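Everything numeric in this text was worked out from a predicted model, so none of it was measured. Just so you know, these numbers use all the heavy atoms, side chains as well, and skip hydrogens, waters and symmetry mates.
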Amino acid sequence: MNLFDFSAEREEMNRLCEEIEAHNRRYYLEDAPLISDREFDALLNRLLELERLYPEWKRADSPSQRVGGGLTERFQTVPHKRPMLSLDNTYDEADLSAFFSRTEKALGLIPELVCEPKIDGVAISLTYQNGLLVQALTRGNGTEGDDVTLNVKTIRSIPLRLLASDIPEELEVRGEIYLPKGAFERLNRTLEQQLLEKGIPPQDIQEQLYKNPRNTASGTLKLQDSAEVARRGLDAFVYFWASDNGRSPSHSENLNRLGSWGFPIPPFIKIAICLEDVISHAHTIESQRSKLPFDIDGMVLKVNGLSQQDELGFTAKSPRWAIAYKFEAEQAFTRLLSIELQVGRTGAVTPVANLAPVLLAGTTVKRASIHNADFIRELDLRPGDLVRVEKGGDIIPKITANDLSQRPTNSQPFHFPETCPECHSELRQNPGEAIRYCSNQSSCPPQLLGKLCHFVGRKAMDIQALGEKTLDLFMKELGVCQISDLYQLQPNVILALEGFQEKSVSNIIQGLEQSKQVPFDRVLFALGIRHVGETVAKTLARHFGSIDNMAQASEQDFIEVEEIGAVIAQSLLAFFADPVQQQELIKLKEAGLQFSLDPSSMKVHQGPLSGMQVVVSGSFSRWSRDEITRIVEELGAKSTGSVSSKTNLVLAGEAMGPAKRAKAEALGIPILSEQEFIQQFLS
Ligand code: IVH
């Protein structure tokens, strides 16, 4: 046997590719898996291992691309071969009849119409060359879109290679990428858990969650990390054969052929030959809406014959041979049980409706958002009223109407209180805003809890042992009401609380102790001064160097700092003028927190790369991108993202973007590999 003959491995790789894709098809398209997930993973892992050993034999259609891993630094904009148009829309059933007669008249015959569900996702164009998926483009502006091929290849229902004898050399199909409802729920539950663990108060979590499956699908498609895309579980449907060669004479036959080649085709497709059929099928699709595992927002009606489509042609924006009939947002009527007022971290008092549970779009709804006091007045909402709730694009349903004819006779108008429901301080309204705020920033419990949670957060003091629940307990049981109180806590006092053991107490004390080393800019951010986010805190810390310098600064001094405007300046002045905050700063200083910048962190590094602008690109075997960027900065250089005429050096890792490399070469900028960099600067 020849020692260097690896053909057995190559054959095994080929076999694994076919086998894994066949299992993929059975699982994702036919919903009839033959092997367990575990067995499937074993096959995939073997293929990944072989591809690591023999990268030169990795096939272009390898299912290993389904797990992602590739990074897209910048999505290339690519012109569409054929424009991606949108559809003419209507919410009115009568317009379907108008479409039917218009089409009949233009063609001089009764047209065959294909009715399809309108998938609520993101449009995609897929190009196959000789059966191999080579490009996936977003719609973009209709004329050019973004190349998201790497990400789309992770979608398991989209074939990477088409297996049939009658596949045209070039094939472009159009479809919709969507995030299944279940995957969306899962993603939000995970995010919610992470936010809770970070100590974000529950009432603030809602607004940080993903809004709806469509926006999330669109955001996911534009993620740089394809492995993350793979984890999120996007799916797709194909509903249109866009290229010319090889098409059958009708749209429905084309869909059938695409389906037989392994493309996922939407369910509930029907050919209608009269208006009654069209309308009855629209009702059928609408009745399925809440039960389907993906969002739909209407029905699309397409003339079936392609020659008839050609005859009808296009307007500037959309084909004349198709129309989208959109369904109204899903609605339900239910009783408003009570109006609850929640006080958030900022002190904003928001009304929330408690509802008699009602089924809406497949989920039971018990609460709905009511925007503000003005809205309550406009609809004259009263407990006991029969209200209409709607699921729009948001996760929380909204109240959209009040059926006054169903009002109980004894109902009482709802009065928005003048004082905070938590601490009874006066409520204030900013001019021109409908939201009311609790005026007591220093001791209103939910505001304080929010402040404490922010203080211990990852990007602030990063005290992981203190979460929201613990802080809430400390406020209630130990009388903690200021940040500085945390630093006065004695271990034995915490230990006496229910549910605390030596270990957790020592973690808390240690966390607080370590926080005394957190640099000044993060301490400044942690204080939670209004409008002082992470970046502003950094800028201020660098500019002033210490909290004492800041406390003495005038409005003018603040405004002179780059990126600081009047709003931030006012907020800073108010903070430093507040006697409560002054006391608090004294106590925190005594506790030992960092209130000035460590001088060593301020000086610019001197080194062999001093004064140079360096671009780091691609991936490196020894370091992560963050690490190598830090090394470059330690050597004195400034690291920037894109190559320009000011760039002095490019550090090129594996798989550096070809466009970036070409640009650097064109500008004559030296390009160093990881090895060369190590030799020249680190050995
Ligand atoms: S056909 C040239 N069929 O709706 C016609 N579109 O509002 C191409 N959509 O941009 C579109 N389901 O993203 C077609 N069954 C379906 C569809 C569908 C969803 C989307 C598509 C299009 C938008 C138009």
Inset, instruction - Go through the steps for L47 and I20 under the test side chain to side chain contact (heavy atoms under 4.5 Å, CB included), then give the verdict. - result: CA-CA 9 Å; L47 177 62; I20 292 169; 3.9 Å; yes
Legend entry - Polar side chain donor-acceptor pair, H251 to E116, under 3.5 angstrom: yes
Inset, instruction - Taking only Lys NZ, Arg NE, NH1 and NH2, and the carboxylate oxygens of Asp or Glu, determine whether R232 and E228 approach each other closer than 4.0 Å. - result: yes
Inset, instruction - Measure from the ring center of Y91 to the ring center of Y325 and say whether it is less than 6.0 Å. - result: no
Inset, instruction - Taking atom CG of L109 as the centre, report whether more than 12 heavy atoms of other residues, nucleotides or ligands fall under 6.0 Å from it. - result: yes
Legend entry - Spacing of R367 atom CZ and L337 atom CG [to the nearest 0.5 Å]: 11.5 Å
Inset, instruction - Sequence neighbours left out, what pairs pass ring pair (Phe, Tyr, Trp, His ring centres under 6.0 Å) with at least one residue falling in residues 111-165? - result: Y128-F263
Legend entry - Contacts of A164 that satisfy side-chain contact (heavy atoms from CB on, under 4.5 Å) - sequence neighbours left out: D166, I167, W261
Inset, instruction - Inspect the contact between E176 and K118 and indicate whether a charged nitrogen and a carboxylate oxygen are less than 4.0 angstrom apart. - result: no
Inset, instruction - Indicate yes or no: does R214 engage D295 in a salt bridge with an N to O separation below 4.0 Å. - result: no
Inset, instruction - Salt-bridge test for E330 and R289: reply yes if a basic N is under 4.0 Å from a carboxylate O, no otherwise. - result: yes
Legend entry - Any side-chain donor near an acceptor of the partner, N256 and E253, under 3.5 Å: no
Legend entry - E18/R59 salt bridge by N-O under 4.0 Å criterion: yes
Inset, instruction - State whether E21 and R66 are salt-bridged, where the test is any N-O pair (Lys NZ or Arg NE/NH1/NH2 against Asp/Glu carboxylate O) under 4.0 Å. - result: yes
Inset, instruction - Taking the six-membered ring for Trp and the full ring for Phe, Tyr or His, determine whether the centres of F237 and Y178 are under 6.0 Å apart. - result: yes
